[in-house]
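Okay, so here's the structure we're looking at.
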Amino acid sequence: MFGVIIFAKIEWGAACLQIIGLNLEEVEELVLKLGEPRYRARQLLDWVYKKGVDDFGQMSNLPALFRQRLEAHGLTGGSITKAGAEEAADGTKKYLFRLPDGFCVEAVYIPEQKRKTVCFSTQVGCAVGCTFCATGQQGFKRNLTAGEIVDQVRKIGLDQRTRISHAVAMGQGEPLANYAATIKALRLLNADYGLQMAARHLTVSTSGIVPAIYRLSDEELQINLALSLHATADQLRSALIPLNRTYPLAQVIQACRDYAAKTKRRVTLEYIMLAGVNDGDAALARLVDLAKGWLCHVNLIPYNPVPAAPYRPSPPRTRQRFLGFLQKHGVAASIRQERGAEVNAACGQLRQHLKL
Ligand code: SF4
């Protein structure tokens, strides 16, 4: 039997028994503790991130004794297993992944001609409780580890036999409420020894945790920020997104403006269009005021009905009216193409509908 390894830099616990989710420094620490030269770390990471191999037995350029020691210490390569998948006619595919403790999360693969995107989850459930969102109805269970986040992207790339070009933290959970794991995962997606995705192809979507937006702008990661705006007045926004009571609209917009000014990255303002709720003339005029004169882009999102939520989608002509008015007033805007609604893989609809 091998003894228990004590790690100085690795947060050691049940959730850290996987190689995926560890950075180069941590894997170097691991291999040195196991009596191997430092360069083994990159070999190990190469198998896990680049070749997608989880089984130490298949890592043929690693010494047999080293592989045995990894297994004897209870380590594994990956962290999640595919438990189900459902594909829409447009190729959008929703995956259900089982975590080591039995919880499940969903992620969505969205293929387009020039990009292959994965929308991944950062928490099991969500505590924010947005009233239009399927995940918000679930309540919060726990944060995902960095490995559980990165592995969604890696496993979907392997399943699709393609290179994932874009990734968005827009699945289940509020990414900035699981700040450390989300940032670590983004760094691993971007790292040369990781999945090598361009930082400018990575997006974090938040409901508006103001201190975390400022913290994110200090990370020196050229990632994109998206804000779930959805309303242009505090009363309505608080009704849709309860977090707005803690961080009201003026503070959230200022934080986004500061993010754009500091990072020079355009912030996306997500606006789910709800019939008779946020699609009137007054809301549109306020939206222009909020978005005009700084580096942002308004993304108008058709609402996908969720059971037990009292909302209906705005008609297409209303969306077009919003788009035209915003553009006429010099605000960059677009209407998000609906993808995957038939398998409940569209925005705000992720909540484990797949059968296990
Ligand atoms: S929209 Fe996002 S932040 Fe709001 S409840 Fe759903 S997952 Fe949480």
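Start at 1 and go down the list; that is how both ligands and their atoms are numbered. This is a predicted model, so every value here is computed, not measured.
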Q: Kindly identify the option in Val128, Thr135, Ile241 whose heavy atom sits closest to atom 3 (S) of ligand 1.
A: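 Shortest heavy-atom distance from atom 3 (S) of ligand 1: Val128.
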Q: Closest by any non-hydrogen atom to atom 1 (S) of ligand 1: pick that one out of Cys133, Cys126, Gly208.
A: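 The option holding the nearest heavy atom is Cys133.
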Q.
Under a 4.0 angstrom heavy-atom cut-off, which atoms of ligand 1 come close to Gly129?
A.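 Close to Gly129: 5 (S).
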Q: Look at Arg321 together with Asp281 and state whether they make a salt bridge at an N to O cut-off of under 4.0 Å.
A: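 Asp281 and Arg321: salt-bridged.
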Q. When you check the gap from the basic side-chain N to the acidic O, do Asp218 and Lys262 get nearer than 4.0 Å?
A.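 Looking at Asp218 and Lys262, the cut-off is met.
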Q: May I ask you to decide if Asn224's main-chain N or O and Thr203's side chain share a donor-acceptor pair within less than 3.5 Å?
A: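 Here the side-chain-to-backbone pair does not exist.
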Q.
Any heavy atom of Ser228 closer to ligand 1 than 4.0 angstrom?
A.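 No; Ser228 lies far enough from ligand 1 that no heavy-atom distance drops under 4.0 Å.
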Q.
Let's go through Arg317 and Asp279 carefully: what are the C-alpha distance in whole Å and the side-chain angles of both, what is the deciding distance for salt bridge (charged side-chain N to carboxylate O under 4.0 Å, His left out) to 0.1 Å, and is it a yes or a no?
A. CA-CA 11 Å; Arg317 67 176 180 281; Asp279 64 352; over 6 Å; no
